[in-house]
Amino acid sequence: MKILNFGSLNIDIVYAVEHIVKPGETISAPTRALHAGGKGLNQSVAAARAGAQVIHAGNIGADGAFLAELLRDAGADVSHLRTLDVPSGHAVIQVDKNGQNSILVCGGANRMYDREYIDAMLSLAEPGDFVLTQNETNEVPYLLRSAHAKGLRVALNPSPMTEDIPAWPLECVSLFLVNETEGEAITGKNTQEDILAAMEERFPNAETILTLGKKGAVRSLKGQRIFQKSYPVKAVDTTAAGDTFTGFYLAGLIRGETPETALNKASMASAIAVSRPGAAPSIPLRKEVEDAL
Ligand code: RIB
């Protein structure tokens, strides 16, 4: 079993700042760093470092060769990545002294998916495989429908949340990975339990992982709940914490771990990522996670 990830790849331009810039304000940043990122890339890196077989479906520009290289070094199959005649996606990220961030994403090549490519990539999937996607790419509704029609397991991390997502064919999804903001946007509910109950009512066969930041995470499926604590760390950079969680959780399921074990490792992996700078470079190997537990 494997993960076929239709995911964004971004060049992250990261500024360390005293505080996140406010509207109308100009501040200066003493440093600028370039990192590999993009929710899709980060999730593939996490899943691969957690030991899963991952095929990454995505687009970069000529400026994105280092993104493909990092993904390959992490163990993901990048042989189907396309290099297009447009700039790679990029993100402008401010990270403050508490490790909190603010992210502006510019889609670039990530917004150049076409249906022929999606169909061709889906033909690589086999029963039991997960198709994973986020919301930094285009044609996601087509992908959800097509993957579901092929009988594949579809995992959706609806991030970043946009107004159109609640009207997507979400009934095609078998695993949602959402934070509270995303859960509220999909269900219209604003407490943990109400969000989970509404997800179960609307998607009775789907599993939902609701991530709660420092409060941990909850998994719900058919009325059953599993609570997962978070592991406290000194936050250096929270970028890619959620992506790390997603990749490790999926990889755990594919490796045959129980949801409890997969959640626990995902939580530790995410804590380790938060304790380090950068997006993809901060994501640990499975051995580091297991040693830390
Ligand atoms: O989730 C973190 C990611 O969001 C960053 O790496 C950035 O590229 C944006 O996509």
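Each residue takes its place number in the sequence, starting with 1. Each ligand, and each atom within it, is numbered from 1 in the order the structure gives.
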At a 4.0 angstrom heavy-atom cut-off, what protein residues surround ligand 1? Asn10, Asp12, Gly37, Gly38, Lys39, Asn42, Ala91, Ile103, Val105, Glu136, Thr239, Ala240, Asp243, Ala279
Evaluation steps, salt bridge (charged side-chain N to carboxylate O under 4.0 Å, His left out), between Arg202 and Glu171: CA-CA 8 Å; Arg202 186 165 161 203; Glu171 65 283 357; 5.7 Å; no
Is there side-chain contact between Met112 and Val86, with at least one heavy-atom pair below 4.5 Å? yes
Any cation-pi pair here, Arg82 with Tyr117, using under 6.0 Å and within 45°? yes
Side-chain touch Asp63/Ile11, heavy atoms, less than 4.5 angstrom: yes
Does the side chain of Leu196 come within less than 4.5 Å of Val218's, by heavy atoms? yes
With a 4.0 Å cut-off, would you call Lys215 and Glu180 a salt bridge? yes
